[in-house]
Enquirer: 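Dropping a structure here in structure tokens format, bear with me for questions.
Remember, it's a predicted structure, so these values are computed and weren't measured experimentally.
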There are 2 protein chains.
Amino acid sequence: MKAATIRDVAARAQVSVASVSRVLTGAGAVTEPTRQRVLEAVAALAYVPHSGARSLSTSRTDTVGVVLPDLFGEFFSELIRGMDLAARTHGLHLIVSSSHDDADEASAAIRSMRGRVDGMIVLSPHLDAANLAASLAGSLPVLLMNGGATDAGRPSIVVDNHGGAVAAVEHLIAGGARDIAHICGPTGNLEAEARMAGYVQAMAAAGLKARVVDGDFSQSSGHAAVRAMLAEGSHSDAIFAGNDVMAVGALLALQEAGVRCPEDVAVVGFDDVPIAQLVRPSLSTMRINIAETGRRALDRLVDLIRAKDDEALPADVACEIVRPVLVARDSSRANPSINTQASDDGRTAVKSTISSGGHQDV
Amino acid sequence: MKAATIRDVAARAQVSVASVSRVLTGAGAVTEPTRQRVLEAVAALAYVPHSGARSLSTSRTDTVGVVLPDLFGEFFSELIRGMDLAARTHGLHLIVSSSHDDADEASAAIRSMRGRVDGMIVLSPHLDAANLAASLAGSLPVLLMNGGATDAGRPSIVVDNHGGAVAAVEHLIAGGARDIAHICGPTGNLEAEARMAGYVQAMAAAGLKARVVDGDFSQSSGHAAVRAMLAEGSHSDAIFAGNDVMAVGALLALQEAGVRCPEDVAVVGFDDVPIAQLVRPSLSTMRINIAETGRRALDRLVDLIRAKDDEALPADVACEIVRPVLVARDSSRANPSINTQASDDGRTAVKSTISSGGHQDV
DNA sequence: CTGTTAGCGCGTTCAC
DNA sequence: GTGAACGCGCTAACAG
């Protein structure tokens with residue numbers, strides 16, 4: 001028993017396929033009686049339009065693709081959540097494609113999307129926009145979020161990683177820290193490199209000596225980095241981690257070693273993933289409103305798709321910059337309450353900081 | 001400048017479209033010279049097959065759909081991660097559709113997938129399988145993960161929520177707890193109801209009085225539930241939360257109130273989301289290997305699709321049951337180390353517990 | 001207002 | 001081995 005097609009419906013309703021199409025799409029006038037007969041037949045046959053076929057003739061798929069390097073951790077899931085929310089309001093489907101570590105895989109993924117999506121959002125922290133453009137199929141609208149340099153002339157959204165890193169370091173310095181170590185992200189990752197560069201610059205500007213420990217954005221690497229530092233007899237009084245996940249790993253390693261945070265070592269992360277406010281001490285970080293950024297990315301993509309359709313409206317090729325906002329929590333607080341368990345002094349301060357960012361804590 | 005079609009390639013290579021197709025799909029023999037000419041033309045025109053059109057003639061989309069109620073929190077993102085991993089190994093695309101709170105929305109989402117996917121995985125904790133089946137388009141292979149009763153005759157994977165809840169309560173009782181409260185999930189959610197039922201039954205079996213506090217699976221609801229309990233002068237010595245997210249909220253509320261965990265109140269959650277081992281005290285919970293479950297779901301769906309194609313192989317309509325495993329961490333440990341910060345006594349015990357579950361901690 | 005017909009881009013029989 | 005023709009399911013012109 002195969003699924004009914006539009007012809008089956010037409011036959012049963014004693015009308016032409018065109019009329020069925022008109023009733024279903026809403027376009028074109030149809031007389032009430034025929035309309036009723038069509039709807040009746042549709043119900044009787046449990047007919048559902050074949051969106052694939054429809055796409056072929058309208059050349060619109062009502063689907064957008066999202067290619068991203070990974071799906072692990074809260075960052076990407078939050079991003080996708082924001083995109084999904086926006087997609088729903090536009091009546092679009094979302095097709096995700098992840099785990100593309102290298103350029104070739106990403107290219108293949110992008111190519112395989114042709115004829116399947118109306119546009120795509122590409123996150124590829126390993127590639128620069130130029131390389132990526134080469135592998136793009138046809139003139140499909142694409143919004144880049146590759147964290148590279150502000151690549152002029154190509155629609156994109158990038159996070160100000162450099163500026164965020166500088167702000168994080170300055171915050172630690174303001175809190176009294178002098179020997180600030182940085183746990184960096186994976187080599188080759190543009191976001192990680194920009195954050196490290198910001199750290200190095202801010203340290204130099206303050207006349208402090210930079211110290212970078214390797215990491216790869218994973219929690220275990222943050223944990224390992226701190227253990228290595230401690231084993232070497234580190235005297236650091238602060239740590240700026242390349243992302244929150246590593247910062248959490250660092251926090252745990254400090255706890256295990258009996259090092260107090262923030263009294264002995266202050267810690268600041270990057271991203272403000274949901275966990276950040278749940279760990280103890282709560283994690284100070286550079287907030288990126290992740291879900292909101294995802295929503296914004298999808299909205300812009302929709303505009304690009306419209307621009308392509310209408311020809312009239314110009315495509316918005318701007319490189320939008322998301323500026324992270326410092327969220328000072330307990331892990332970098334100068335005078336944390338003695339007993340964080342029983343007090344919510346910290347929380348009050350956190351709330352004010354956060355509400356300024358238009359977000360609600362806990 | 002429009003994208004090239006198979007005809008453009010054929011023209012440039014001086015061959016028929018059929019030959020181009022043969023070269024690209026690999027099916028059918030082609031002489032080497034023509035083969036070269038085709039590949040050359042493909043490269044010259046940067047031709048990429050239109051997967052939408054291909055789908056229409058092969059009636060395979062190489063895409064599977066996942067409809068789920070929400071995308072918030074770590075549970076669903078972990079699940080999707082597992083599915084995405086499996087999808088990649090099968091060369092399939094994943095199209096996600098979320099935020100379907102009620103039956104109608106879910107049905108619409110399911111319907112809109114016809115002609116777009118080869119099969120789908122449906123998570124709909126608000127619907128029973130029977131209702132859902134009604135809204136299914138044609139005979140599309142569907143794997144259910146709706147948490148309902150083991151609905152015979154329909155391929156599905158369900159978590160043994162009832163059994164898990166019983167095990168959680170028994171664990172708390174074994175630890176000395178007698179007045180165990182339960183923070184339940186949203187009404188109408190089948191998973192939540194099964195967990196509550198398990199709790200009630202286990203309490204009754206032990207001759208203890210059950211006490212249920214409302215929650216909705218959100219962290220804030222867990223937080224609010226504990227605050228309410230405390231305000232009423234609760235004497236509970238343990239809390240079994242309907243999921244980890246609420247358990248974390250509960251943990252924070254206890255801390256804020258100066259109530260020690262697990263000394264004064266032990267807490268056990270459900271799911272074992274990644275955060276569970278990051279909070280302090282680390283959260284005891286009923287582990288579901290989420291990503292693995294997602295992978296398994298996709299693998300089974302692939303089998304169903306194959307079975308539909310081959311006619312020969314029978315469809316596996318079994319209702320697979322995932323049994324949660326108790327992971328005892330600090331939040332329910334009878335004799336936690338006095339200073340969790342400086343010691344890793346706890347971690348040792350945790351590790352052993354977890355490794356028995358075939359997983360690695362931290 | 002309605003029915004007929006021509007594509008959308010591709011895979012795939014069939015004859016050659 | 002190769003090419004011409006048909007069909008996948010639907011929308012959109014075009015006649016009637």
Enquirer: Classify every nucleotide of nucleotides 6-16 of chain C by which part a protein heavy atom approaches to under 4.0 Å, writing B for the base, S for the sugar-phosphate alone and - for neither, in 5'-to-3' order.
Expert: -BBBBSB----

Enquirer: Taking atom C1' of dG9(D) as reference, at what distance in whole Å does atom CZ of Arg60(A) sit?
Expert: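 Spelled out: CZ on Arg60(A) to C1' on dG9(D) is 16 Å.
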
Enquirer: Determine yes or no for a side-chain-to-main-chain donor-acceptor pair under 3.5 angstrom, with Arg114(A) supplying the side chain and Val48(B) the backbone.
Expert: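 Yes.
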
Enquirer: Counting just side-chain N and O atoms, does Ser19(A) come under 4.0 Å of either OP1 or OP2 of dG3(C)?
Expert: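 Yes, because at least one side-chain N or O of Ser19(A) sits under 4.0 Å from OP1 or OP2 of dG3(C).
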
Enquirer: What is the distance from CZ of Arg37(A) to C1' of dG3(C), rounded to the nearest Å?
Expert: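 Checked: the CZ to C1' distance equals 13 Å.
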
Enquirer: Would you please name every residue forming a side-chain contact (heavy atoms from CB on, under 4.5 Å) with Ala87(A), sequence neighbours left out?
Expert: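 For Ala87(A) the side-chain contact (heavy atoms from CB on, under 4.5 Å) partners, ignoring immediate neighbours, are Leu92(A), Leu94(A), Leu298(A).
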
Enquirer: Please work out if Thr31(B) contacts a base, only the sugar-phosphate, or nothing of the nucleic acid, heavy-atom cut-off 4.0 Å.
Expert: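 The residue Thr31(B) makes sugar-phosphate contact but no base contact.
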
Enquirer: Would you find a donor on one side and an acceptor on the other, under 3.5 Å apart, between the side chain of Arg111(A) and the backbone of Ala106(A)?
Expert: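 No; judged by distance alone, with no hydrogens or angles, the pair does not exist.
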
Enquirer: Apply side-chain contact (heavy atoms from CB on, under 4.5 Å) to Val17(A) and list each qualifying residue two or more places apart in sequence or on a separate chain.
Expert: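 Only Ile6(A), Arg7(A), Ala10(A) meet the side-chain contact (heavy atoms from CB on, under 4.5 Å) criterion with Val17(A).
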
Enquirer: Between Asp118(A) (side chain only) and Val64(A) (backbone N and O only), is there a donor and an acceptor less than 3.5 Å apart?
Expert: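 Such a contact is absent between Asp118(A) side chain and Val64(A) backbone.
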
Enquirer: Do Thr89(A) and Arg295(A) pair up side chain to side chain, a donor and an acceptor below 3.5 Å, judged on atom types alone?
Expert: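 There is no such pair between these side chains.
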
Enquirer: Would you classify Ser55(A) as touching base, sugar-phosphate or nothing, given that sugar-phosphate means primed atoms plus P, OP1 and OP2, and contacts are heavy atoms under 4.0 Å?
Expert: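 Ser55(A): no heavy atom of the nucleic acid under 4.0 Å.
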
